[in-house]
Amino acid sequence: MAQQEEILRIIERCQKGDRHAQFTLYSSFYGWCLAICRRYSRSEETAEECVQDGFFKVFTKIHQYKTTAPFKPWLKTIMIRTCIDHQRAHFKEPIQVELEPVHDESGIPEALVNIEVEHLLFGLRQLSPIYQMTLTLYAIEGYEYQEIANMLDVSIGSVKSNLFKARGKLKALLTNLKEKETHAG
Amino acid sequence: MQDKDFDSLLKRKFEHQDLQEYQEGKWAALTDKLDAFDHKRNARSKLVYALVLATLLLGNLAWLFSWLGNSSNRTSKPLEAVVKRDTLFQTIHVVRYDTLYRTIILESKFTGPDQPVNFSNTRPISTKSNSSAFPPAITDSLQISEIERETTSRQEIKDAGINPTMAASSTEAPILAAQSGNYKDKANVLSPLKSIKPESLPLNLGISNPLIPAANLISKDILQEQNPPQSEEPVEKKPSFHWQPMWVNGAQALFFPGRLEGYVLNTGLQLERNLSNRIALGGSLRFGLASAESSDISRLPSLDNTAPVQPGPSYTFDHWDVDFMPLVQYQLYGHLRIASLGKTRLMAGAGTQWISTLPYQIDYNYIHLDRFDEEDVEFEKNTETRWQGLNLLLQAERPLGKKVALGTRLNGIVPHRPLQTVLDQSLGLDFWLKFRL
């Protein structure tokens with residue numbers, strides 16, 4: 001509660017164009033925003049670009065923020081939309097890695113339970129941009145089909161289809177990656 | 001692996017990832033970008049303001065020039081109208097007809113049957129060689145004196161050796177009858193004929209067809225004179241040149257150093273008079289009550305800067321306050337209509353304002369440095385003081401009916417010279433009801 005009040009005070013100063021307050025906000029939320037953008041970007045450089053562009057939008061549109069609403073979801077939405085805008089041109093790119101999708105109904109393999117975030121990120125970035133976006137928006141952020149369809153400007157049917165394919169391909173990728181690691185180890 | 005399990009695995013993994021710290025260079029780049037954006041936005045807003053001001057200025061200049069042009073035209077227009085009416089001189093058509101008539105008669109002697117009549121070669125002939133009885137055909141540019149000369153009386157025709165009974169045929173009779181009247185009457189006598197029958201022509205000597213269709217003999221000028229066209233110029237509504245009384249109420253915020261409180265409430269009467277549709281002059285007389293409080297001793301609410309008597313050396317000044325300072329405000333102003341939004345008229349103007357402060361009481365509050373108790377020193381200001389400032393006005397007015405209008409005004413005051421008074425700078429909002437007598 002106290003943290004939210006502190007954030008609101010900083011935001012009020014940001015709305016008046018106070019650079020120090022902007023810096024406080026930037027330094028406080030940079031890491032968190034970068035973590036979001038990495039999930040939606042194809043590379044680290046793109047993720048950092050998205051963070052910069054996202055903060056630029058935040059500071060130039062901060063007068064539109066209503067202090068009655070929590071700040072973090074507002075900031076997160078801006079970051080995600082910035083990433084989507086960055087990737088929109090690549091939505092129709094062909095899939096880079098062709099693997100047979102895995103659609104088994106058994107439990108999570110032991111190999112994937114202990115998988116590291118960096119491996120997950122690597123796997124996500126191997127998917128096509130539209131698959132990566134759809135899976136991240138649905139599985140990690142928890143958006144509904146309709147919301148994802150609106151954000152990505154596709155039909156609900158496409159969202160469901162992309163989600164199904166993206167899951168299958170990511171599982172195959174991660175399993176393949178783990179197997180390679182095991183053999184190498 | 002179930003989809004839900006896989007999704008929750010992804011979510012869990014990404015929720016607990018390590019967060020990176022920001023980089024100084026990134027922030028510097030973002031700051032540069034924000035500075036550039038601010039600069040661009042400021043430049044854009046300045047450009048918009050400049051464009052709005054330029055539009056207002058050009059619009060008002062254009063209006064001023066057109067107004068000046070119209071006002072100079074207004075004096076010359078009546079004279080021009082008289083001249084036009086005179087030049088129109090409907091007898092032109094009478095003369096044409098008359099000329100045709102006489103030409104036909106004359107040419108019938110010179111040209112044979114079925115030969116076209118050459119008007120250019122017509123010569124007035126009479127047995128007495130009286131040229132004045134049959135002048136040459138006239139043109140549209142005929143002068144008034146010439147027209148008058150062209151009019152011939154029945155006696156003159158008779159003198160020319162033409163049988164007046166024949167001459168006064170159905171076509172010429174109106175002409176002759178008209179000659180005793182004025183020229184306008186002559187024009188009215190002429191009624192449009194669809195055609196002139198050959199047998200109706202005097203001295204029918206084998207001319208099979210009339211040379212000029214009768215319809216052509218009726219000029220548009222006659223018809224236009226009978227039904228004068230409406231002027232295409234928009235008729236400018238005359239402004240009301242009466243003084244219009246207004247009941248005006250206002251509130252002003254006072255701005256002075258160390259201001260803790262400062263406002264004026266006033267009510268009074270205002271008179272306004274239009275000089276044109278756009279320009280008006282007015283004046284007002286209002287009674288107001290000011291309330292002010294300040295922690296700054298340098299600017300006292302009086303004009304003479306009288307220093308208050310301190311209760312003792314251990315006291316320090318805290319604040320002064322005036323609960324009710326009675327004021328009489330006189331204002332003279334002029335304003336110009338700059339725009340109209342539907343029925344609402346927007347006006348900008350300037351004026352001058354005098355304020356007389358009536359006797360009032362100031363309380364000076366001191367605090368004892370050791371005991372921290374307060375000591376009030378009352379100061380009576382029993383003399384009237386007068387203050388003058390420049391008014392800048394921005395107002396909007398909307399008629400509520402034929403006789404009543406409601407208006408509001410942003411009223412800024414700037415002093416003519418820097419004075420140590422709480423009334424130096426103020427910004428107020430006035431509301432009024434205007435009654436049209």
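All chains are named by letter (A, B, ...) in the order of the sequence lines, taking the proteins before the strands, and each is independently numbered beginning at 1.
Interface with chain B: from residues 10-25 of chain A, residues R19(A), Q22(A), F23(A) qualify, criterion being any non-hydrogen pair under 4.5 Å. Contacts between residues 28-35 of chain A and chain B, counted as heavy-atom pairs separated by less than 4.5 Å, involve Y30(A), G31(A), W32(A), L34(A), A35(A). Heavy-atom proximity under 4.5 angstrom to chain B picks out F59(A), T60(A) from residues 58-67 of chain A.
Residue L124(A) touches chain B through its side chain alone, counting heavy-atom pairs closer than 4.5 Å. With a threshold of 4.5 angstrom between heavy atoms, D38(B) approaches chain A through side-chain atoms but not through N, CA, C or O.
The shortest distance between side-chain heavy atoms of D7(B) and L135(A) falls below 4.5 Å. The side-chain heavy atoms of F6(B) and L174(A), taken from C-beta on, include a pair separated by under 4.5 Å. Side-chain contact check for I140(A) versus K13(B): every heavy-atom pair is 4.5 Å or farther apart. Side-chain contact check for L121(A) versus F14(B): some heavy-atom pair is nearer than 4.5 Å.
Atom CZ of F37(B) has more than 12 heavy atoms from other residues, nucleotides or ligands within 6.0 Å. Summarising the local packing, CZ of R259(B) is surrounded by more than 12 heavy atoms from other residues, nucleotides or ligands at distances under 6.0 Å. Heavy-atom neighbours of E144(A) CD from other residues, nucleotides or ligands within 6.0 Å: at or below the threshold of 12. When the shell of 6.0 Å around CG of N42(B) is examined, it contains more than 12 heavy atoms from other residues, nucleotides or ligands.
With chain B as partner, the option from L170(A), D53(A), T136(A) having the largest number of non-hydrogen pairs under 4.5 angstrom is L170(A). Contact count versus chain B (heavy atoms, under 4.5 Å) is highest, among R39(A), E141(A), R38(A), E116(A), for R39(A).
In this structure, Q52(A) and K26(B) approach most closely via the heavy-atom pair NE2-O, 2.8 Å.
Between Y26(A) atom OH and T31(B) atom OG1 the span is 8.5 Å, to the nearest 0.5 Å.
The salt bridge (charged side-chain N to carboxylate O under 4.0 Å, His left out) test applied to R409(B) returns D430(B), not counting sequence neighbours.
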